[in-house]
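To start, the structure under review is shown below, and the notes come after it.
So you know, we letter chains A, B, ... as the sequences are listed, proteins then strands, and number each from 1. Everything quoted here is computed from the prediction, not taken from an experiment.
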Amino acid sequence: MVISKDLLLKKGIDMAEEAFSQRTITCGGLTKADAGKKVVLNGWVHRDRNHGALHFINLRDRYGITQVVVDDDASKELQETAAKLRMEFCIAVVGVVRLRPDSMVNPDMATGEVEVKADSIEILSKCLPLPFMIDGEAEPNEDLRLKYRFLDLRTEGMQKRMKLRHEFVKAIRQYFYKTDFYEIETPTLIKSTPEGARDFLVPSRFYPGKFFALPQSPQLYKQILMVSGMDKYFQIARCYRDEDARGDRQLEFTQLDMEMSFVTRDDILAIMEEMFNEVFIKVMDTKLPEQFRRITYHDSMNTYGNDKPDLRFNIEIHDLNKLAVESTFALFNTTVANGGFVKGLCAPNTEGVSFSRKYIDALQDAAKIYGAQGLAWIKVGANNTLSGGVSKFFVGKEELIINEFNAKDGDLILMVAHENWKKCCTSMGAVRTKLGKELDLIKKGFEFCWIIDFPLFEFNEDENHWEAAHHMFSMPQSQYLDTLESDPGAVKGDLYDLVLNGYEVASGSIRIHDVELQKKIFRICNIDDATAQEKFGFLLDAFKFGPPPHGGIAPGIDRMVMIMAEETSIKEVIAFPKNTAACSPMDDSPSFVDSIQLEELHLKAIFPEKKKD
RNA sequence: GAGGGCGUAGCGAAGCUGGUUAUCGCGUCGGCCUGUCACGCCGAAGAUCGCGGGUUCGAUCCCCGUCGCUCUCGCCA
C-alpha cells in the first residue's frame with residue numbers, strides 16, 4: 001500500500017509543507033479502470049525515448065513499470081525537465097491516467113493498456129552514468145555487481161529473487177506459527193566449541209585473551225531449549241563458518257532451525273514434508289508428493305554415487321563385481337579379488353552428442369577428481385555388439401553386460417574399478433552428474449528425497465581417530481548401542497538429510513539426551529571427560545535435569561531459494577553476499593582497524609611473511 | 001593448500017597460424033526527430049588489450065611469472 005496524503009488526512013495528521021510530490025499509486029498499479037484519474041508516481045527512469053516534441057519515459061519501482069508521456073502541448077518548463085532526464089534519475093510525476101490508443105497498447109507490459117500524461121515532473125535526485133546497465137540484457141561480471149550491489153538489486157532478476165525469498169520465509173513462518181511452534185532467538189555471541197568448522201571469533205574487551213565465537217548453528221542452544229520445556233522451537237537463524245566459499249556456500253548463511261521434544265525421526269520427516277508441501281503450494285504453485293522418497297545412505301552412494309542424488313534423471317550406477325570377474329580384464333579381476341569394487345553406468349545414446357574420445361576423456365577427468373585412476377568404456381553397437389575401449393575383454397560376454405544395463409545401440413558404458421568403495425562410488429557419481437547435465441537429461445521440477453541411516457562416525461586418517469560424521473549430539477540407532485566402542489565404523493545414526501535436485505538442503509537428527517551416552521560419544525571422538533566438561537559442560541549439566549527425548553532439523557534457506565529460483569549460486573539469492581575470496585567489494589570488508597581498537601581488545605595483528613622468490 | 005576458466009573503452013562482447021588506424025552493441029556527450037516501448041537518424045569522445053618479464057625486426061596474440069575474479073578438489077559436523 002502506498003502511504004498517501006489521504007491516509008494522513010484521515011488520521012488527522014497535519015501535513016507539513018510537502019517535501020516532494022508523494023505517490024498516490026505505484027508504477028505497477030494502474031489499469032484501464034484508472035483512466036481519467038489524476039495520479040502521482042514516484043520511481044526511477046528505467047528508459048526514456050525522446051522524440052523531440054514527444055517524450056516517453058518508462059518509470060519503474062518495485063511494483064512495475066508505467067509509461068509516462070510528455071506531450072507536445074507540455075509547458076516549456078516540463079519539456080526542458082524531461083529533456084534533462086537520464087537513466088535511473090529518481091523522479092516524481094504528476095499527471096493524468098489515460099487509455100492508450102488501441103494500436104499503441106503494449107501487450108508485453110502489465111500496465112500496457114494505459115499511460116500517464118505528465119503535467120509536471122520533479123527530479124528528486126540525479127544519477128551518475130551507470131557502471132553497468134540494469135536492464136538485465138548483458139550481465140556484468142560478478143565482482144562489479146557486488147561492488148555496486150545497490151544497483152544490481154534494482155535489476156528485475158534480483159528484485160524477483162528477493163521477493164521469492166521473502167515469500168518463502170513468510171510461508172515458513174506462517175506454517176510454524178499455525179502449528180504452535182515458538183520462535184525463539186538464540187545468541188550470536190557464544191562459546192567456541194571444538195566440533196565442526198572453523199569458528200569466527202569475537203574478542204572480549206572485558207576479558208583479555210578470551211573470545212566469543214559466532215554460532216555455526218544454534219545447535220546446543222536449541223537442545224537446551226528442549227530441556228527447558230519449550231517443546232517446539234523454530235528460528236530463522238544466521239550461521240557462520242570460517243571456511244572457503246563455494247557456489248552453494250557462504251561464510252554466513254541462513255538456516256530454518258527447528259527442534260521438537262518427544263519425537264522420533266518419522267515425526268520430524270512428516271512435519272518437514274507437510275511444511276514444504278504447504279510452502280511450495282503457496283510460493284511455487286507446485287504440488288509436492290505428500291511423502292518424499294527415502295533412500296539409505298548406502299543405497300544412495302551405490303546407486304547415485306553421492307549422498308545428495310539428483311533424482312531428476314534416472315541414470316543408475318550398477319554394481320559390476322560379478323560381471324567383472326567374467327571378463328578377461330586383469331584390472332577388474334584383481335580389483336575384485338582384492339576385495340575392491342567395480343561399478344558402471346550406461347550413458348544413453350543422445351541426439352547431437354557424439355561419444356568421441358575427447359568426450360570420454362572429459363568424463364574420465366571428472367571421475368579422476370574423485371579418486372578414480374581411470375574410466376573404462378565400451379561402446380554398444382547394433383545386434384548385441386561391443387566395440388572400443390575395454391570391449392576386447394568382454395568377448396563372448398557381450399550379452400551379459402548389455403542385459404545388465406538393458407543397453408541400446410549407440411549407448412556408452414562407463415566403468416570404474418577401485419579398492420575403496422567410497423571412491424569407486426563418488427567417481428562414478430561425478431560421471432553420472434556430468435552426463436545428466438551434458439546429455440540434457442535433467443527434467444524440470446523439484447525432486448525431494450530423504451537420505452537416512454548415515455554412519456555416525458568416520459575415521460580421520462590424518463589425526464588417527466574417529467569423529468562424528470554429522471555432529472556429536474546425534475543418537476546412534478539403538479541396535480548399535482552395545483557395539484559403539486568396539487566397532488564405531490559400523491554404527492548408523494538416527495540421522496537424516498533432505499536432498500533436493502542434487503543439493504543437500506537440510507540436515508538433522510534425533511539427539512542424544514543421556515549424559516553417559518553423550519560422554520561415550522565424546523570419548524570415541526577423542527574428547528576426554530575433562531575436555532568434554534570444559535567445552536560442553538553447560539550441555540552435559542543441562543542433561544542432568546530431566547532432558548526430554550528430542551530431535552530436529554535445519555533446512556538451508558539460501559540453498560532452497562537458489563534451487564527454487566533455478567540459480568546455481570546462493571549469491572543470487574542473498575542481498576549482500578561475500579565473494580569467493582571472502583570479502584565484500586561494496587563496503588570493502590574485512591578492513592584494517594585503528595590500533596586503538598586493537599589495544600582495547602588486547603589484540604595485536606601478526607602479518608604472514610610475504611613469499612620470497 | 002591444489003587445479004581449470006576468464007581478464008580487450010564505463011558495461012557486454014569480437015579480433016589473434018604474430019604485422020589492423022584494435023571492431024561491434026549498449027552507455028556517455030552534441031545535434032535532429034509527434035506514438036515510441038531495446039524508438040530511430042547524424043556526429044563525437046572514450047582502450048597504455050590486467051600487470052611485469054622473455055622470444056621476435058615486430059606481441060592484444062606465443063612463453064614464463066604475477067595479480068584479480070570465477071568454478072572445482074581439499075576443507076565445510
Looking only at atom [atom1], what distance separates [N] and [M], rounded to whole Å?
N       : M       : atom1 : result
rG18(B) : rG58(B) : C1'   : 8 Å
rU55(B) : rA2(B)  : C1'   : 30 Å
rC6(B)  : rC63(B) : P     : 12 Å
rC29(B) : rG46(B) : C1'   : 10 Å
rG10(B) : rC49(B) : P     : 12 Å

Q.
Distance criterion of 3.5 Å, no angle test: do you see the side chain of Glu88(A) paired donor-to-acceptor with the base of rG27(B)?
A. no
Below 3.5 Å, does any donor atom in the side chain of Asn106(A) face an acceptor in the base of rC37(B), or the other way round? yes
Hits for ring-ring contact (aromatic ring centres under 6.0 Å, His included) against Phe459(A), two or more places apart or cross-chain, chain-then-number order -> Trp466(A)
Contacts of Tyr304(A) meeting ring-ring contact (aromatic ring centres under 6.0 Å, His included) (sequence neighbours excluded), chain-then-number -> none
For [X], answer base if it contacts any base atom (sugar-phosphate contacts may also be present), sugar-phosphate if it contacts only those atoms, and nothing otherwise; contact means non-hydrogen atoms under 4.0 Å.
X         : value
Gln216(A) : sugar-phosphate
Lys147(A) : nothing
Gly52(A)  : base
Ser507(A) : nothing
Arg100(A) : base
Glu142(A) : sugar-phosphate
Arg98(A)  : base
Tyr370(A) : sugar-phosphate
Glu115(A) : base

Those stems involving RNA chain B that have three or more consecutive Watson-Crick or G-U pairs, both distances under 3.5 Å, are B:1-7 with B:67-73, B:10-13 with B:23-26, B:28-32 with B:40-44, B:50-54 with B:62-66
Under-4.0 Å side-chain N/O to phosphate OP1/OP2 contact, [X] with [N]:
X         : N       : value
Arg49(A)  : rU36(B) : no
Lys368(A) : rC73(B) : no
Thr580(A) : rC69(B) : no

Using salt bridge (charged side-chain N to carboxylate O under 4.0 Å, His left out) as the criterion, list what pairs up with [X], not counting sequence neighbours.
X         : answer
Glu567(A) : Arg161(A)
Lys76(A)  : Glu80(A)
Asp199(A) : none

Give me, pair by pair, the N or O atoms of the protein and of nucleotides 10-12 of chain B that are less than 3.5 Å apart, along with how far apart they are.
{"residue": "rG10(B)", "atom": "O2'", "partner": "Pro131(A)", "partner atom": "O", "Å": "2.9"}
{"residue": "rC11(B)", "atom": "O4'", "partner": "Pro131(A)", "partner atom": "O", "Å": "3.0"}
{"residue": "rG12(B)", "atom": "OP1", "partner": "Asn141(A)", "partner atom": "N", "Å": "2.9"}

request  = Let me know, please, whether Met87(A) or Glu467(A) comes out on the 5' side of the other along RNA chain B by nearest nucleotide.
outcome  =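 The residue mapped nearer the 5' terminus is Met87(A).
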Worksheet item: Which nucleotide, rG35(B), rU70(B), rC29(B), lies nearest any side-chain atom of Arg86(A)?
Response: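 My answer, after comparing the listed nucleotides, is rC29(B).
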- Taking the side chain as every heavy atom from C-beta outward, state whether Met562(A) and Tyr503(A) have any pair of such atoms under 4.5 Å apart.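 Touching, per the 4.5 Å side-chain cut-off.
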Polar contact flag, side-chain donor to acceptor under 3.5 angstrom, Gln67(A)-Arg49(A):
yes
Measure all distances between protein nitrogen or oxygen atoms and nitrogen or oxygen atoms of nucleotides 40-50 of chain B, and list the pairs falling under 3.5 Å.
none

Which side-chain N or O atoms in residues 550-559 of chain A pair as donor and acceptor under 3.5 Å with protein atoms at least two apart or in another chain?
{"residue": "His550(A)", "atom": "ND1", "partner": "Pro548(A)", "partner atom": "O", "Å": "2.8"}
{"residue": "His550(A)", "atom": "NE2", "partner": "Gln223(A)", "partner atom": "NE2", "Å": "3.1"}
{"residue": "Asp558(A)", "atom": "OD1", "partner": "Arg165(A)", "partner atom": "NH1", "Å": "3.0"}
{"residue": "Asp558(A)", "atom": "OD1", "partner": "Arg165(A)", "partner atom": "NH2", "Å": "3.1"}
{"residue": "Asp558(A)", "atom": "OD2", "partner": "Thr254(A)", "partner atom": "N", "Å": "2.7"}
{"residue": "Arg559(A)", "atom": "NE", "partner": "Asp248(A)", "partner atom": "O", "Å": "3.0"}
{"residue": "Arg559(A)", "atom": "NH1", "partner": "Glu504(A)", "partner atom": "O", "Å": "2.8"}
{"residue": "Arg559(A)", "atom": "NH2", "partner": "Asp248(A)", "partner atom": "O", "Å": "3.3"}

Sorted by chain and residue number, the side-chain hydrogen bond (donor to acceptor under 3.5 Å, both in side chains) partners of Thr426(A) (sequence neighbours excluded) come out as none
rU20(B) glycosidic conformation (syn if within 90° of 0, otherwise anti) is syn
Side chains of residues 138-146 of chain A: which donor-acceptor pairs under 3.5 Å do they make with residues two or more places apart or in other chains?
{"residue": "Asn141(A)", "atom": "OD1", "partner": "Asp143(A)", "partner atom": "N", "Å": "2.9"}
{"residue": "Asn141(A)", "atom": "OD1", "partner": "Leu144(A)", "partner atom": "N", "Å": "3.2"}
{"residue": "Glu142(A)", "atom": "OE1", "partner": "Lys571(A)", "partner atom": "NZ", "Å": "2.5"}
{"residue": "Asp143(A)", "atom": "OD1", "partner": "Asn579(A)", "partner atom": "ND2", "Å": "3.4"}
{"residue": "Arg145(A)", "atom": "NE", "partner": "Asp152(A)", "partner atom": "OD1", "Å": "2.9"}
{"residue": "Arg145(A)", "atom": "NE", "partner": "Asp152(A)", "partner atom": "OD2", "Å": "3.1"}
{"residue": "Arg145(A)", "atom": "NH1", "partner": "Glu572(A)", "partner atom": "OE2", "Å": "2.9"}
{"residue": "Arg145(A)", "atom": "NH2", "partner": "Asp152(A)", "partner atom": "OD2", "Å": "3.1"}
{"residue": "Arg145(A)", "atom": "NH2", "partner": "Glu572(A)", "partner atom": "OE1", "Å": "2.9"}

Within residues 246-259 of chain A, the residues having a heavy atom closer than 4.0 Å to RNA chain B are Arg246(A), Gly247(A), Arg249(A)
